Amino acid sequence: MGEVSGEDLERLANRVALLVSDDGEADNAGRAVGQLARRLGLSGGDLKALVLAGAGAGFRPGSTPGLLKLEQEIDALRRELREAREAERAAMQDRDALVAENGAMRVAIYRRRAGAKMWSLVLGLGAVGVVLVAVGVVLLAPDPAPVPMGASLGLRGDGATPSARLAMVRGGGAVLYREPDRSSQVIGRLGAGTRLLVQRMEWRSMMQWAQVEVEGRVGYVATTEVEIF
């Protein structure tokens with residue numbers, strides 16, 4: 001094999017190629033291959049080794065080793081292209097998911113801010129309403145009836161004057177005493193808004209008292225704790 005030149009191998013290859021011709025020409029090519037191989041000192045095993053070495057393990061009929069390599073490279077490029085497209089599709093799906101999540105977060109933040117503003121507005125309106133009601137009560141509430149004093153009360157010799165009026169306990173409540181004196185016995189406590197029938201008015205120790213009857217008990221309350229009409 002070491003003495004076989006390239007020209008000898010090319011002539012042998014040309015004769016081998018004629019083996020696929022018509023019957024007569026193929027027979028002549030077969031005899032020519034045998035003669036040339038014997039002249040070159042090649043055995044049948046040498047011819048087989050030449051064919052396998054030239055074709056390679058992936059040889060296919062109708063192709064050449066260079067073309068087969070090119071096809072393999074094309075297949076590899078196609079696989080890489082498919083993988084790149086799959087990666088692109090996955091990236092687009094992730095992007096769409098992130099965009100949707102971002103939109104949902106923006107909507108939630110907007111609703112939370114809107115709810116906080118609405119709640120602040122409601123609290124503000126409620127505070128304004130309370131202030132307006134308080135102002136209305138102060139402006140529309142009747143003034144306490146003035147209690148006549150001195151000669152206008154028609155005081156008797158004992159410092160008492162007859163009365164036939166109504167009274168209502170003020171917001172702080174009132175204490176019912178047995179006598180018109182804060183040091184006397186306490187016989188009851190009256191809640192705010194309790195209506196009383198004033199029997200008479202009496203002055204004692206520079207303080208005016210109203211004699212009232214509550215559940216069959218007669219006592220005295222300070223006029224500063226009731227509103228007399």
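Quick caveat: nothing in here was measured; it's all calculated off a predicted structure.
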Measure across [X] and [Y] and return the closest heavy-atom pair with its distance rounded to 0.1 Å.
{"X": "Arg204", "Y": "Trp209", "answer": "O-NE1, 3.8 Å"}
{"X": "Gly173", "Y": "Glu225", "answer": "O-CB, 3.9 Å"}
{"X": "Gly171", "Y": "Ala192", "answer": "O-CB, 3.5 Å"}

Beyond-backbone contact of Tyr220 with Arg200, side-chain heavy atoms, under 4.5 angstrom: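 Result yes, sub-4.5 Å side-chain heavy-atom pair found.
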Is any side-chain heavy atom of Arg85 closer than 4.5 Å to one of Arg82?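 Side-chain contact under 4.5 Å: no.
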Count I, L, V, M, F, W, Y as connected when their side-chain heavy atoms are under 4.5 Å apart, and connections chain through other members. Are [X] and [Y] then in the same cluster?
{"X": "Val33", "Y": "Leu36", "result": "yes"}
{"X": "Leu196", "Y": "Leu176", "result": "yes"}
{"X": "Met207", "Y": "Val169", "result": "no"}
{"X": "Ile187", "Y": "Leu190", "result": "yes"}
{"X": "Val186", "Y": "Val214", "result": "no"}

Return yes when atom CZ of Arg217 has more than 12 non-hydrogen atoms of other residues, nucleotides or ligands closer than 6.0 Å, and no otherwise.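 Atom CZ in Arg217 is crowded, with more than 12 foreign heavy atoms closer than 6.0 Å.
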Run the numbers on Tyr177 and Val221 for side-chain contact (heavy atoms from CB on, under 4.5 Å), then give the verdict. CA-CA 6 Å; Tyr177 296 92; Val221 294; over 6 Å; no
Please check if any side-chain donor atom of Arg31 sits under 3.5 Å from a side-chain acceptor atom of Asn28, or the reverse.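 Short answer, yes.
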Steps toward side-chain contact (heavy atoms from CB on, under 4.5 Å) verdict (Asp96, Gln93): CA-CA 5 Å; Asp96 295 340; Gln93 292 176 353; 5.5 Å; no
Within the side chain of Glu213, is there an N or O that forms a donor-acceptor pair under 3.5 Å with the backbone of Gln199?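 Flag not set: sc Glu213 to bb Gln199 has no pair under 3.5 Å.
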Rounded distance (nearest 0.5 Å) linking atom CD of Glu83 with atom CD of Glu88: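 Between atom CD of Glu83 and atom CD of Glu88 there are 14.0 Å.
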Taking it one step at a time, do Met201 and Thr223 satisfy side-chain contact (heavy atoms from CB on, under 4.5 Å)? CA-CA 9 Å; Met201 306 291 293; Thr223 56; 3.4 Å; yes
Have a look at Leu166 and tell me which of Ile228, Val226, Val198, Leu197 forms a side-chain contact (heavy atoms from CB on, under 4.5 Å) with it.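 The single option meeting the side-chain contact (heavy atoms from CB on, under 4.5 Å) with Leu166 is Leu197.
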